[in-house]
Each structure stands twice: as structure tokens, then as C-alpha cells.
Amino acid sequence: MPSPFSDRLIDAVRKKQTPLVVGLDPRLDRLPSQLRTSNSGRDPATAADAFEKFCCGIIDVVECQVAAVKPQAAFFEMLGPPGMSALFRVVQHARAKGLIVIMDAKRGDIGSTAEAYAQAYLGDEDNSAWACDCLTVNPYLGDDSLQPFVDRCQQVDCGIFVLVRTSNPGGSMIQETETRDGPLFYTVADHVQQLSARLPGRNGYGSIGAVIGATHPEQLSNLRSRMPNTIFLVPGIGAQGATAKDLAGAFDSNGLGAIINSSRAIIFAWERDEYSGLADDWQRAVEAAAEDTIADIAAETSAGKLLQSES
């Protein structure tokens, strides 16, 4: 029988000895000069080809370092059909390298529309057009917008990460709205915890995860206690200002329970002063930035125990 997504993810994190996930967020104006052409900005097909080469090049250098990658669908969608074809090939390339694919598309709807999104993204090549292991989902249409995704996770052993407390400053406007039970994101967190607790894997975590921003470190710790069966996807480290020390509250005592996404700080590493000497070798800069991020997370959080368990 296939393993639940939560167990596959945790097994991959243990194998790679790090919770780091690399986000694939290609931006045309920041691509390495080697991948740009004079008409990249005018021709969607040329831009899509550059995005594909860039993301596949990142996958090639991080495949031995991380358990998963997280393509951001929006940057491909903006290029229309050529962009979506490029995204599909990026997903295929990641899967061929043995990486878990978390599609960051933040889908959310009700009824048959949610069912269609779930079927489109979640599953393997035999039962899903996109064949992703996991999908980010927006819950703010209510529980009936989540249930089709939860059902799909059970059917095909995939996972979702539900937006609970996001890293963007504007998220507070809705997520911190006070209710009689506390801020609104507590209500969402409790519901996600209930869903995840119903689908436990052998590691005690369910396949219904939560997106919790690293820019709220005190809330990370609080939600870790509140959601003991829920894996966190934690964005915000690097370009959004959070540090490895801010991540500590996301993990359990064994260094599990969270995966940490870093996108811009890694994939555009050659732009950073500390890697400027690698400007002519952008892939080596990406590799070095991933190595340094892995080391920082291990040094500042209980995820360092992942190294000890395999030594």
C-alpha cells in the first residue's frame, strides 16, 4: 500500500537530514544573464523556456540537498499556455529526480469546483493531470471548501498545506480578527488540526498541513502546541526577513513537524554579497546558499537532531 503523504515527507526529510524546501519562483528580470535573450520579455514562449531551464537547473543542484521543491504556479501562469507547459515539465523533472513536489497554487473553492482542483493537482501520473504530491489551499471559503481536498488526499495518499497564519504583513487584517475564541486564525488552526488528527501516519502527523509564517515566531510556538498532529510549511526565512532562530518553535523535540521554505534567498543567491564571487556560476551560488541555509537551520533549531540520527 502507498504510504500517506505525511510519512513520505518525513521519511524524505530524514533521508536528506534537513527540513529545507526550495521554492521555485522564477522572475524574468532576475534570471541569470546566461538564460536571458533580447526578446525574453516580449515573447511568452521564450520566457517560458528560460523559466523551465532555470527551475530545472535549480532542481539539478538541490536534488541531493532537499526533500522537496515548491513551484509557484503564478509566475508560470502569467506566461499563458507556454508557461503552463513549462511548469508541467518542471514538475516532471522534479519527480524524475525523486523530489516531493508541493504545488503552490493556493486553490480554494466549493463543491464540484474544489473537487476539480483536487483531481487536477493531486495524485500520480495515472490519476492526475499535474501529478503533484501536495497543494497549497486557501480555507477562507469555509470547511466545505477544504473537504474535497481532504477527500482527495485520502484517496490518492497526497497532502495539502492550508493557509493558517501567513507571513505577509497584510494577512493580519483578516487572520487576526478577534472572535469569541481568539483570533480568527485560531479557528482555522483548530479545524486543520482536527482534520490532520483523523489521518495520522506512523509518525503521528497527518497529511493535512498548515502554512505558518516564520515572520510570527511567537505564534509558531503557540500553534505548534495547539496543532500536535499537523506538519507546518513555514515560509518567510530569508528575503521576507525571518532568520533561522525564528524557526525554532515550529519543530517538535525530534526536529520534525515542519518544513522550511526558502525561495528568493536561494534561487537568486548570486545577487547577494556573500555569493557575488559566484556570479558567473549561478548554479553553484544556489547550491552554496542552500548548504548555508541548511546549516543555519540545523544550528538554531531542533532540526539539527536530523544530522545526529543519521550519523
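Note that the coordinates shown come from a computational prediction; the quantities given were computed from them, not determined experimentally. Computed from heavy atoms alone, side chains included, the values below leave out hydrogens, waters and symmetry copies.
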Q) Looking at side-chain heavy atoms only, is the closest gap between Val91 and Met103 below 4.5 Å? A) yes

Q) Got a sec, which pairs hit side-chain hydrogen bond (donor to acceptor under 3.5 Å, both in side chains) with one end in residues 90-99, sequence neighbours left out? A) Asp60-His93, Glu63-Lys97, Arg95-Glu125

Q: For Pro139, check side chain to side chain contact (heavy atoms under 4.5 Å, CB included) against everything at least two apart and list the hits.
A: Leu146, Val162, Leu163, Val188

Q. Taking everything shown except Met78 itself, do over 12 heavy atoms lie less than 6.0 Å from its CE?
A. no

Q) Between Thr166 and Gln175, does any side-chain donor sit less than 3.5 Å from a side-chain acceptor? A) yes

Q. Going by the salt bridge (charged side-chain N to carboxylate O under 4.0 Å, His left out) test, which pairs reach into residues 71-90, not counting sequence neighbours?
A. Glu52-Arg89, Glu77-Arg107

Q.
Minimum heavy-atom separation for Ala48 and Ala86, please, with both atom names.
A. O-CB, 3.5 Å

Q | CG (Asp280) with more than 12 external heavy atoms under 6.0 Å | A | no

Q) Can you name the closest pair of heavy atoms from Ser263 and Gly23 and give their distance? A) OG-CA, 3.2 Å

Q) Who passes ring-ring contact (aromatic ring centres under 6.0 Å, His included) against Phe54, sequence neighbours left out? A) Phe268, Trp282

Q. Looking at residues at least two apart in the chain, or sitting in another chain, which of them share a salt bridge (charged side-chain N to carboxylate O under 4.0 Å, His left out) with Glu271?
A. Arg30

Q. What are the two closest non-hydrogen atoms of Gly236 and Thr215, and how far apart are they?
A. O-CG2, 4.3 Å

**Q.** Residue pairs, two or more places apart or on separate chains, that pass side-chain hydrogen bond (donor to acceptor under 3.5 Å, both in side chains) and touch residues 292-304
**A.** Tyr275-Asp292

(Q) Under the salt bridge (charged side-chain N to carboxylate O under 4.0 Å, His left out) definition, can you give me all pairs with a residue in residues 164-188, not counting sequence neighbours? (A) Arg165-Glu176

Q: State which residues pass side chain to side chain contact (heavy atoms under 4.5 Å, CB included) with Asp144; sequence neighbours excluded, sorted by chain then number.
A: Ile110

**Q.** side-chain hydrogen bond (donor to acceptor under 3.5 Å, both in side chains) pairs, two or more places apart, involving residues 130-142
**A.** Arg8-Asp133, Asp104-Thr136

**Q.** Atom NZ of Lys53: over 12 foreign heavy atoms under 6.0 Å
**A.** no

Q: For the residue pair Arg36 and Leu28, establish whether any side-chain heavy-atom pair is separated by less than 4.5 Å.
A: no

Q.
I want to check something: taking the side chain as every heavy atom from C-beta on, are Ser6 and Ile231 in contact at a cut-off of under 4.5 Å?
A. yes

Q) Looking only at heavy atoms, what is the nearest atom pair of Phe185 and Val164, with distance? A) CB-O, 3.3 Å

Q. Do any pairs count as a salt bridge (charged side-chain N to carboxylate O under 4.0 Å, His left out) and have a residue in residues 210-227, sequence neighbours left out, and if so which ones?
A. Asp190-Arg226

Q) Does Cys55 have any side chain to side chain contact (heavy atoms under 4.5 Å, CB included) partners at least two apart in sequence or in another chain, and if so, which? A) Leu24, Pro26, Phe76, Val90

Q: Could you tell me whether Leu141 atom CG has more than 12 heavy atoms of other residues or ligands within 6.0 Å of it?
A: yes

Q) Could you walk me through whether His191 and Thr187 pass the side-chain contact (heavy atoms from CB on, under 4.5 Å) check? A) CA-CA 6 Å; His191 185 61; Thr187 300; 5.9 Å; no

Q: Begin from the C-alpha positions of Arg152 and Tyr121 and carry the test side-chain contact (heavy atoms from CB on, under 4.5 Å) through to its verdict.
A: CA-CA 10 Å; Arg152 182 68 174 174; Tyr121 284 102; over 6 Å; no

Q) For Arg202, what residues pass the salt bridge (charged side-chain N to carboxylate O under 4.0 Å, His left out) criterion, not counting sequence neighbours? A) Asp7, Asp11

Q: Check step by step if side-chain contact (heavy atoms from CB on, under 4.5 Å) holds for Val101 and Cys132.
A: CA-CA 5 Å; Val101 177; Cys132 296; 4.1 Å; yes

